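Each ligand, and each atom within it, is numbered from 1 in the order the structure gives. Keep in mind the model is a prediction, meaning the values are calculated, not measured. Count residues from 1 along the sequence.
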Amino acid sequence: MVEKEMRLRFAPSPTGPFHIGGARSALFNWLLARKHGGKLVLRIEDTDLERSSKESEENIKAALRWLGMDWDEGPEVGGPYGPYYQTQRLDIYRQYTEQLLASGQAYHCYCTEEELETERQALLAKGETPRYGGRCRNLSEEEKAALEAAGRKPVVRFRVPEGQDIVFQDMVRETVRFESAGVGDFVIVKSDGIPVYNYAVVIDDMLMKITHVIRAEEHLSNTPRQWLLYKALGFEAPQFGHISLILGKDRSKMSKRHGATSVEQYRQLGYLPEAIVNFLALLGWAPPGEEELFTSQELIEKFSMDRVAKNPAVFDVDKLNYINACYLKKLTLAELTDLVLPHLVKAGYVPELLNEEQRAWVEQMVEALRDYISYGAEIVDHAGVFFQDEIDFENEDAHEILRDADVPPVMDLFKTKLLALETVDAPAIKALLKSITKELKLGGKKVFMPVRVALTGCMHGPELIHIVPLIGRERTLARMERMLAKI
Ligand code: GLU
């Protein structure tokens, strides 16, 4: 038997920044499509005319590309089941609406907002779940004509069959059961002729021959309506997999409060796409072994829905930083420099255009800092020591270090030796510091620490053997003078 081709889709609404949760849904669909040699469709769900924008669509596509998730059908690439924009499919939806109206599975509803609200409040007052009571279910042609003559524009409602058990197997949630009695006839087409999400999505997934739908848990409550529509249209529903919510570390729903939430923000902060993909895969999916670092290719091989958890995924930014730092380590110095450069420019530390000498200097500085950063923008938090000559003690402990009795001879010797050096480079500074410890018979720390504090004001930071050559002899001596004067 030839196995049916697996067809998945990612169907974003282009109504704002591309959220990390959307990227995770896209990733799970993409991984499955690639793993099983299936197809991934990108469909733009742009029926919310007010909130949809071209800018958001471009942003989503750019983010997908940046993350390395390609699509087989959809905008730009075309495909046999297009168009791939819902606003270009209105005629298609209309045909199905006519079919549903003709068969009596849907009907026109003329209720006004106020009428519906009154009904809602009445049900709430009785402690019942609000749902449409069916006032327009059985209108005669005369009644309809009268309402239309009165200027009312109808919506189209789906007639929910009574007493139907809605049961489906979810790839994550296993058996999911809803009662149709709780659903109530729902709107499928608004009075302006635009279909609602629950309706358009069914027709599209059906016509695009989608076999599996992996999406966020928040859509689980939409699924009964979609399931009923599949039945009414005589189609088998795809297999659903509702992946859990993404929570912040404090276990509340991930929001702006938790820091960056869009893919674009992470790109701008200097995270690497491979690291983001790796991290997103772990938001809900548990890899089979201890290992957590995977290339996209490895994820394609290892990923499976049976290891996707029901319980919420926690967005742990420390973990993301750890993963990103692992990927940063693999970059060449030139690549890492390219990544951090925009941040140094933005901070006003380096000019946008660097000559060869400046570039070499920046590379050396990046080398000195590479172990301290886990994403590009973080370089700015550590680079100050190379640019700011007006320094101060970071705290009283640092200040105290320069008051030690051993400090004056250390400083004197350091100055004399530095002035005598032919070349100020890392090996020379290393040898210089060592010779001071020997001559003064002091432990390493007794030498390094005061020199470090005198040069940076801080007790921790990049190695002295890198700092001194990078800031050069004159600035080193000037900084020392200034700091020693503050004791
Ligand atoms: N356009 C919907 C959204 O962005 C798609 C939901 C679905 O995958 O069915 O939430």
Q: Output yes when Glu363 and Arg370 qualify as a salt bridge under the 4.0 Å nitrogen-oxygen rule, no when they do not.
A: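 Answer for the salt bridge query: no.
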
Q: In plain terms, say whether Glu142 and Lys144 are close enough for a salt bridge, that is, a side-chain N and a carboxylate O under 4.0 Å apart.
A: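 Salt bridge flag = no for Lys144 with Glu142.
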
(Q) Using 30° and 60° as the class boundaries, would you call the ring planes of Phe240 and Phe168 parallel, tilted or perpendicular? (A)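 Ring orientation, 0 to 90° scale: perpendicular.
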
Per-atom contacts, ligand 1 versus [X] - under 4.0 Å to a heavy atom:
X      : value
Val201 : 9 (O)
Ser13  : 1 (N), 2 (C), 3 (C), 4 (O)
Tyr197 : 2 (C), 5 (C), 6 (C), 7 (C), 9 (O)
Arg215 : 7 (C), 8 (O), 9 (O)

Q. Are any of the heavy atoms in Gln226 under 4.0 Å away from ligand 1?
A.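 Gln226 does not count as a contact of ligand 1 under the 4.0 Å cut-off.
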
**Q.** Phe10 touching ligand 1 at heavy-atom level, < 4.0 angstrom
**A.**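 Heavy atoms of Phe10 never come under 4.0 Å of ligand 1.
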
List the closest protein heavy-atom neighbour of [atom]: residue, atom name, distance to the nearest 0.1 Å.
atom                    : answer
atom 1 (N) of ligand 1  : Glu45 OE1, 2.6 Å
atom 8 (O) of ligand 1  : Arg9 NH1, 2.7 Å
atom 10 (O) of ligand 1 : His219 NE2, 2.8 Å

Q | Under the salt bridge (Lys or Arg N to Asp or Glu O under 4.0 Å) test, residues paired with Asp165 that sit two or more places apart | A |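 By the salt bridge (Lys or Arg N to Asp or Glu O under 4.0 Å) rule, Asp165 matches no residue at all.
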
(Q) Between Asn324 (side chain only) and Tyr271 (backbone N and O only), is there a donor and an acceptor less than 3.5 Å apart? (A)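 Here the side-chain-to-backbone pair does not exist.
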
Q) Is the backbone N or O of His242 less than 3.5 Å from a side-chain atom of Arg173, with the two atoms forming a donor-acceptor pair by type? A)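 Yes.
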
Q.
So, regarding Ala11 and ligand 1 (criterion: nitrogen or oxygen to nitrogen or oxygen, under 3.5 Å), is there a contact or not?
A.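 N/O-N/O distance below 3.5 Å exists for this pair.
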
Q.
Ser103: which residues meet the side chain to side chain contact (heavy atoms under 4.5 Å, CB included) condition with it, sequence neighbours left out?
A.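 Only Gln105 meet the side chain to side chain contact (heavy atoms under 4.5 Å, CB included) criterion with Ser103.
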
